[in-house]
Structure formats: C-alpha cells, structure tokens
Amino acid sequence: MTARALGPEEYGRFAYFVWLTGIIVVFIINGITVTLIRFISESAGENDLDTASQQEKWLRNTLWKCILVTSGLCLISYRYLGLEIAAIPAALAVALAIICAISKSIYIFDVSKAKGYGNFNIEPRISTFLAMLIAVLSGIALYAKVGLIYFIIIFTLTSLLHPLLSFYFIKNSDINTNHSLPAYQPDASSRNHLYWSALLCLVALSTNRAVETYILNLNFGSSVVGIFIVAATLSRSALELVSVGLNAVLMPVLGNGLGEGGDDKVRNITQRAIKYMFFIGLLLSGCSYFFADPLVLLFYGDSFKDAALAFKILTLTGGFTITSGVFGAYLSFTNRQQNRAMISLAGAIIQCIVAAAVVPLYGLWGAVASTSIGTFATFALLAHSSTRRSSLALSIKHFVSIFLIFVFAMLVVNAYYLQLSNITLKILSGLWFGIIFILLSIIFKYWQKADYTILSRMLAPGTRSSKIVSALEKYSP
C-alpha cells in the first residue's frame, strides 16, 4: 500500500528510514533481550522473583547505556548515514530515526520481560492493534494522495505508541517487579551469555541485507533501495515466516527427544526435520517463482517490475538453503553454540566482502548476488559442521531425487506459464506447480512409510484424509 502510494523514489526514502531505525534498534538491543528472557524465566521458574527483579534492573541499566552510546554515535556520524527525507535536514531526520528506535527498543525490552515471566499475550495484542491502526492510516493516506512526510509521521507516532502500550499492559498484568532491590551483579556465565548473544545479533545484522541496502543508497539512490527492499520483504514473507515458525517448534521437540531416547532420538528428529524442511523450501520457492510477476504488478505497480526477478532469485536461494535453521538448531542443541556463532560470523564476512565488491558495480543485481552468495556460504558451513563430527546421516540420494523432481516440475509449468497473458492464470500456475511437485514426490517415493505414519497420527482416524494416507503408507517403501 505504501509502495504503490509513493512510487519507487519516495518509497525508497521511506524504506531506508525504516531500515535505519531497525539497524539502530539492533545496536541498542545487541543481545540484551535474549539474555533477559533466558535469566528471568529461569529465576521466575524457581520462584526467585527478587533475583528476577535484580536481573531486569541490571539489563535495563545496560539498555540505557546502549541507548546513550548508540544515539551519540549516530548523531555524530549523521552525515555518513545517507538519510534524506524531503525538506527535513539530515541531522533532524537521523534524530527522528533515533527517537523511533529508542521507543521500539524499550518496547522490545518490555515484551521480552513479559515473556520471561511467562506472559505471551502482551506482544500479539499490541502488534495486532498497531497493525490495524497503521493499515487504517495508510489507507487514508493512499486515498488522500499525500506524500512521504505523512508516512514518516505515521511511522513515528506508531513507534512512540509501542512503549506506552507495553507499559500499560505490563502495569495491568500480574507481573510484579521490586524496583527497590539493587541491580544484579552478573557472574562470568551471565556475561558470556550476553556477549555471545550480542555477537549473534550483530552477525545477523550484517547478513540481513544491511550492507547491501547501505551501499545501494550511497551509490544508486532511493529508488533502487525501494525495489531491493520490496524484493527482500516478499522473499521473507514467502519463506522466513514458515521456517522461523517450524524452527521455533524444533527446539522443544529436540528437548523431548533427548529425554525420551537420548542422542539417537535427537539425530533421528534432526534428519527428518532436514528432509521435511528441504521439501517445504522447494515447494514454497517454486510456487513463489510463478506468483512473483503477477503479485508485484497487482500490489506494487509496473514501476516495481524489477523487484519480481529479484524476488524470484532471493526466494529460490532461500528455498535451497531453508535447512540452515535446522543445522543451526542441531549445533546449539549438541553444545556447539560457539561453532554456530563462528560460522555465522564467517558467512557475514563473506557476504560483506562480496557486497563491497559487486554492489557498487552492478547495483540491484549485485545486491541480490551478494545476498545469495552469503546465504549459500553460511548454509554450506553449517551443513559441513553439523555432519562432520556427528553420526548425522543424510541420504544424498533422497535430496538429489527431490531436486530433480523440482527441476522437472519447474520446466513443465514454466513452458505453460510463458504462453499466458492473463494474470489470474499466471497466479494459478503457482498452484499447478505445487500440485505437480507434491504428486511427483509421492509417485517417485520421496516419502517413506515412517513419514506417512507420522502424518497419520496428526489426522483424525476414519476420515477421508487418513484413509488416503493409509493407502499411501502401504504403497511406500
């Protein structure tokens, strides 16, 4: 909605402002909230609420120190941040981004505190309310055909509402903090956890297309930034929401598996998770490939047409490497967090070097290439580290077979897709790909009897779906 209202040039400026705000938030938070949830949940679980209050006070003091340092550095270096918003001076624009970032950082700290105490309702309630408010205000802006400043005002006001709402909901919850207690004195374990969390956050920053966005803005202007951010946002929507959700479920499943069957059970769960995630990644990336052109045209307009091809490339990259989260979870669960952190750092360095080399020369396509190369490098290192010193056995034959099925389905549907001009039929091509891909995976026996057994347990007995699964189970090897 915002992109269609503003066009590539103005939307690029708005997207860069939002991006810079997010970058400042990462530097302010830098692992504090991860440590907050970790230690408060442990103390609250032991019913040691005084220690939980002290830990919160220690980390909130740390947060304010980070706010002061980060804000000061941003104001000093405002000339180099490349932020331009209509007639607003650069220093004022950066100050506005800092205010938004501080508001969101306090909000993230508050909802993380609530999660530490076991209250998971505050964040979704605030997010839902603000999403509806933003949609209404953006709709008014689209109807009134207003400019960039109005959208900046919307973003700033909703950012300021974040901590106010979190304060209100926490105050009216059952969370009680004793503010009169002195701050917690962290031991070596607490500090190490905070430092490693901070490192992973900063590494995630460099691999989250931050370097590419900054270089594009400096060298090619806001319109190219807008197109790149549209493509990156669409690819995240297509893949990362699914992978993040599944990976969040994976950790407790691994924990239960360790308790039930030890290391053998953990390896079995991980192997199956890799198999399932790889299939899902190929399925989603194939469907998204055919959805890309019509979706970009419908939602963003013809001025963003270059975003469609960039979206296709980034989605295919994400689909092929979607199992990185599973490999990372396996490393963490087998007490190799340091390996995971070092691999993430190595992948970030590779991506930064490639971005510095190719983005100034090739613009949007250099940014797409560096993102893809960094993603593949991290994936390869995670896969190698996960299988090198463990008995994690992966069937290469299965992965090659499903990849060949994917290629065949893509070629068949693409031959049909290229003949189409109707936008509805183009969207339906993505659905046809999904049906063909799933059917071929069954016909060529990618799924084994144990996979159907797992699926049948999720279905109500006696239903048509369960009967179909039972029939397939008999057919499978």
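As the structure is a computational prediction, the values presented were derived from the model and not from experiment. Numbers here are sequence positions counted from 1.
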Original post:
Of the options Val211, Asn217, Leu218, which is the one that meets Tyr214 in a side-chain contact (heavy atoms from CB on, under 4.5 Å)?
Top reply: Leu218
Can you confirm whether [X] sits close enough to [Y] that some side-chain heavy atom of one is under 4.5 Å from a side-chain heavy atom of the other?
| X | Y | result |
| --- | --- | --- |
| Leu133 | Leu161 | yes |
| Ile227 | Phe311 | no |
| Ile24 | Ile98 | yes |
| Phe376 | Phe320 | yes |
| Leu234 | Leu295 | no |
| Phe399 | Ile274 | yes |
| Tyr16 | Thr213 | yes |
| Lys312 | Asp293 | yes |

Taking all non-hydrogen atoms of both residues, which atom of [X] and which atom of [Y] are closest, and how far apart?
| X | Y | value |
| --- | --- | --- |
| Ala367 | Phe228 | CB-CE1, 3.7 Å |
| Cys66 | Ile28 | CB-O, 3.3 Å |
| Ile313 | Ser372 | CG2-OG, 3.9 Å |
| Val230 | Ala307 | CG1-CB, 3.9 Å |
| Leu165 | Ile126 | C-CD1, 3.8 Å |
| Leu382 | Gly328 | CD2-CA, 4.3 Å |

Nearest-0.5 Å distance that lies between atom [atom1] in [X] and atom [atom2] in [Y]:
| X | Y | atom1 | atom2 | result |
| --- | --- | --- | --- | --- |
| Tyr417 | Ile427 | OH | CD1 | 9.0 Å |
| Ser159 | Ile154 | OG | CD1 | 11.5 Å |
| Thr371 | Glu212 | OG1 | CD | 3.5 Å |
| Glu123 | His162 | CD | NE2 | 9.0 Å |
| Leu428 | Phe433 | CG | CZ | 15.5 Å |
| Ile29 | Leu63 | CD1 | CG | 5.5 Å |

**OP:** Let me see the working for Phe169 and Asp110 under side-chain contact (heavy atoms from CB on, under 4.5 Å), right down to the final yes or no.
**Re:** CA-CA 10 Å; Phe169 281 112; Asp110 286 343; over 6 Å; no
Original post:
Does the pair Tyr78 and Leu83 meet the rule for a side-chain contact (heavy atoms from CB on, under 4.5 Å), with working shown?
Top reply: CA-CA 8 Å; Tyr78 78 92; Leu83 185 59; over 6 Å; no
Side chain [X], main chain [Y], donor-acceptor under 3.5 Å:
| X | Y | answer |
| --- | --- | --- |
| Asn414 | Met410 | no |
| Ser285 | Leu282 | yes |
| Ser385 | Leu381 | no |
| Ser127 | Pro124 | no |
| Tyr446 | Lys275 | yes |
| Ser166 | Pro163 | yes |
| Ser386 | Ala383 | no |

Original post:
How about Phe437 and Phe279: are their ring centroids closer than 6.0 Å?
Top reply: yes
Original post:
Ring centres of Phe290 and Trp432 under 6.0 Å apart?
Top reply: no
Original post:
Quick one: do the Ser222 and Glu9 side chains pair a donor with an acceptor below 3.5 Å?
Top reply: yes
**OP:** Evaluate the criterion side-chain contact (heavy atoms from CB on, under 4.5 Å) for residue pair Val358 and Ile373; output intermediate values, then yes/no.
**Re:** CA-CA 11 Å; Val358 302; Ile373 291 170; over 6 Å; no
**OP:** I would like to know whether Phe379 and Thr375 meet side-chain contact (heavy atoms from CB on, under 4.5 Å); could you show each step before the answer?
**Re:** CA-CA 6 Å; Phe379 165 75; Thr375 302; 5.6 Å; no
